[in-house]
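Worksheet: the structure to be examined is printed underneath.
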Amino acid sequence: MKIDRLIGILSILLQKETETIPSLAMQFEVSPRTISRDIETLCQAGIPIMTRRGMSGGISIMEGYKIDRTLLTSAEMQDILAGLRSLDSVNGTNRYSQLMEKLSAGSSDFISGNQSLLIDLSSWYKDSLAPKIERIRTAIDSRAFIEFIYYSPCGDSCRIAEPYYLIFRWSSWYVWGWCCTRHDFRLFKLNRMEDLHLTGEHFPGRPAPVPNLKNERIFPGGIRVKALFQPECKWRLIEDFGTECFEKQKDGSLLFRADYTDKRNLISYLLTFGDKVRLLEPEEVRLELKGIISKMLENYQ
C-alpha cells in the first residue's frame with residue numbers, strides 16, 4: 001500500500017542523514033519514478049525534503065525538522081512511557097523518568113487518562129544491579145573491556161570480556177559478550193558477577209551475533225521427570241510450569257511430568273517442597289536425592 005510505503009520512506013529519512021532514490025526503490029521493490037512521486041507526496045504533506053546533486057548527493061529531511069507527534073497513537077505513546085518507567089525502576093537513575101516527564105509535558109493534550117500499564121523491573125538486588133548495569137552500558141558505548149569475578153556451578157573464576165548486549169530475560173539481567181578466557185561468546189548473569197570494573201583498555205570490536213535465547217536452545221531438556229505431588233502444591237506447579245504439567249489422580253495427588261535440563265536445579269527444586277513430593281523417575285536422580293536426604297538426616301542427629 002502507498003501509505004505504508006510513505007511511512008517507511010519517512011522512517012528511513014528520519015534515521016539516515018542522506019538516502020538515494022535508487023536505494024529506496026530497491027528497498028521497497030518499486031521503480032525510481034514511483035519513489036520520486038512518493039517524495040512529492042511527502043513534500044505536499046508539509047515535510048521539508050531537500051535534494052542534493054553530486055557524488056555525495058541524495059535526499060534528506062531538512063536539519064532541525066521535528067516530526068509531528070500525531071504519527072504516534074495515544075496507545076503507542078503510553079507504551080513508550082511505560083517502557084521508560086520500567087528502565088528507570090532498575091537503573092536507579094532519574095534519566096528515564098526525566099525523559100518521561102518531558103514527553104508527558106509536551107503531550108498533555110495527547111496522553112489522556114492515567115498510566116494503566118506499570119512495569120517494575122527492580123529486584124531484591126536492585127542496589128547492586130544498578131551500578132553494574134551502568135558500568136556495562138558505559139563499557140558497551142566506549143568499547144571497553146570489563147573484568148569481574150564470576151560464580152558458576154564449575155567454580156569461581158576471574159573473567160575479562162568484550163560486552164556487546166545487556167539483556168533482561170527469565171526475570172534476570174545478563175550481559176552477552178566475547179569471553180577472553182573461553183575465546184567464545186558467553187552469557188553472564190549479573191547477579192553472579194562481583195568486583196565488576198572497566199579495565200581502562202579498549203577493544204576494536206568484532207561481529208557480534210545476537211544471542212539465541214529461545215527456551216529450547218538454552219534449556220534443551222533431556223531429563224524426563226515424573227513425580228507425585230500433594231494437592232496443596234498445585235498453585236506452585238501451575239505458576240512454574242502451567243496447567244498442563246500434571247494429571248490429577250483419584251486420591252487427589254498430582255502426577256507431574258516435565259523435561260528438565262540441569263540435575264542440580266531439579267534436585268534443588270524438589271527439595272523446596274519438603275515431604276510434599278515423591279520423585280518417581282528418573283531412577284538415577286531418585287537415588288541421588290535419597291542419598292542427599294540421608295545426609296541431611298545425619299546433620300540433625
Side-chain angles (χ1 to χ4, degrees), residues 1-87 95-96 99-100 102-113 115-117 119 137 140-143 162-169 176-178 185 187 204-218:
M1 294 176 63
K2 182 177 180 178
I3 185 63
D4 294 334
R5 191 171 64 249
L6 290 173
I7 293 174
I9 293 172
L10 182 56
S11 176
I12 291 173
L13 294 179
L14 285 169
Q15 296 177 57
K16 291 186 175 182
E17 291 185 3
T18 305
E19 186 58 285
T20 64
I21 288 179
S23 175
L24 289 171
M26 184 178 299
Q27 292 179 62
F28 291 99
E29 299 180 346
V30 295
S31 68
R33 183 180 292 273
T34 299
I35 295 296
S36 296
R37 286 197 294 265
D38 290 339
I39 297 300
E40 288 182 22
T41 302
L42 290 173
C43 290
Q44 291 171 3
I47 297 171
I49 296 178
M50 303 186 306
T51 303
R52 289 196 301 270
R53 299 180 181 277
M55 291 294 294
S56 58
I59 56 176
S60 61
I61 294 179
M62 182 182 295
E63 187 176 352
Y65 172 73
K66 293 183 178 179
I67 193 165
D68 188 349
R69 66 189 178 204
T70 55
L71 281 178
L72 291 174
T73 66
S74 179
E76 289 169 339
M77 182 62 81
Q78 294 279 3
D79 288 344
I80 289 172
L81 297 182
L84 293 175
R85 183 186 285 117
S86 69
L87 289 172
R95 181 181 304 133
Y96 299 102
L99 181 54
M100 185 176 66
K102 291 178 182 178
L103 286 173
S104 299
S107 309
S108 56
D109 59 335
F110 182 53
I111 302 176
S112 58
Q115 291 284 317
S116 58
L117 180 61
I119 305 173
R137 286 192 63 188
I140 292 173
D141 292 341
S142 60
R143 289 193 173 181
E162 303 172 0
Y164 288 97
Y165 296 102
L166 260 172
I167 300 168
F168 183 79
R169 188 74 187 267
W176 170 260
W178 177 267
F185 284 98
L187 191 67
R206 67 183 76 223
V210 176
N212 183 354
L213 301 180
K214 292 182 179 179
N215 288 341
E216 55 269 25
R217 166 98 170 99
I218 305 298

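We use all heavy atoms of the structure for the numbers below, so side chains are in, but hydrogens, waters and symmetry mates are not. Along the sequence shown, residues are numbered consecutively beginning with 1.
- For W178 and F185, the gap between ring centers is short of 6.0 Å.
- Every residue two or more places apart in sequence or in another chain that forms a side chain to side chain contact (heavy atoms under 4.5 Å, CB included) with T51 is listed here: I59.
- Under the 3.5 Å distance criterion, the side-chain polar atoms of W176 are left unmatched by any main-chain donor or acceptor of A208.
- Heavy atoms only, all atoms of each residue included: L166 and I140 are closest at N-CD1, 4.0 Å.
- At least one side-chain heavy atom of I39 sits under 4.5 Å from a side-chain heavy atom of I35.
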Begin from the C-alpha positions of V30 and L24 and carry the test side-chain contact (heavy atoms from CB on, under 4.5 Å) through to its verdict.
-> CA-CA 8 Å; V30 295; L24 289 171; over 6 Å; no

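- In terms of the salt bridge (charged side-chain N to carboxylate O under 4.0 Å, His left out) criterion, R33 has no residue partners (sequence neighbours excluded).
- A search for side-chain hydrogen bond (donor to acceptor under 3.5 Å, both in side chains) contacts involving S23 returns E19, Q27, not counting sequence neighbours.
- Minimum heavy-atom separation, R206 to Y164: N-OH, 3.1 Å.
- With sequence neighbours excluded, no residue forms a side chain to side chain contact (heavy atoms under 4.5 Å, CB included) with E40.
- Atom OG1 in T41 sits 9.0 Å away from atom CZ in R37 (nearest 0.5 Å).
- Of all heavy-atom pairs spanning M50 and M62, the tightest one is CE-CA, 4.1 Å.
- A donor-acceptor contact shorter than 3.5 Å is absent between the side chain of R52 and the backbone of G58.
- The side chain to side chain contact (heavy atoms under 4.5 Å, CB included) search around P32 returns I21, A25, not counting sequence neighbours.
- Contact annotation: the side chain of I47 never approaches that of L13 to less than 4.5 Å [non-hydrogen atoms, C-beta and beyond].
- Here D38 contributes atom CG and F28 contributes atom CZ; the two are 8.5 Å apart, rounded to the nearest 0.5 Å.
- Heavy atoms only, all atoms of each residue included: Y165 and P211 are closest at CD1-CD, 4.1 Å.
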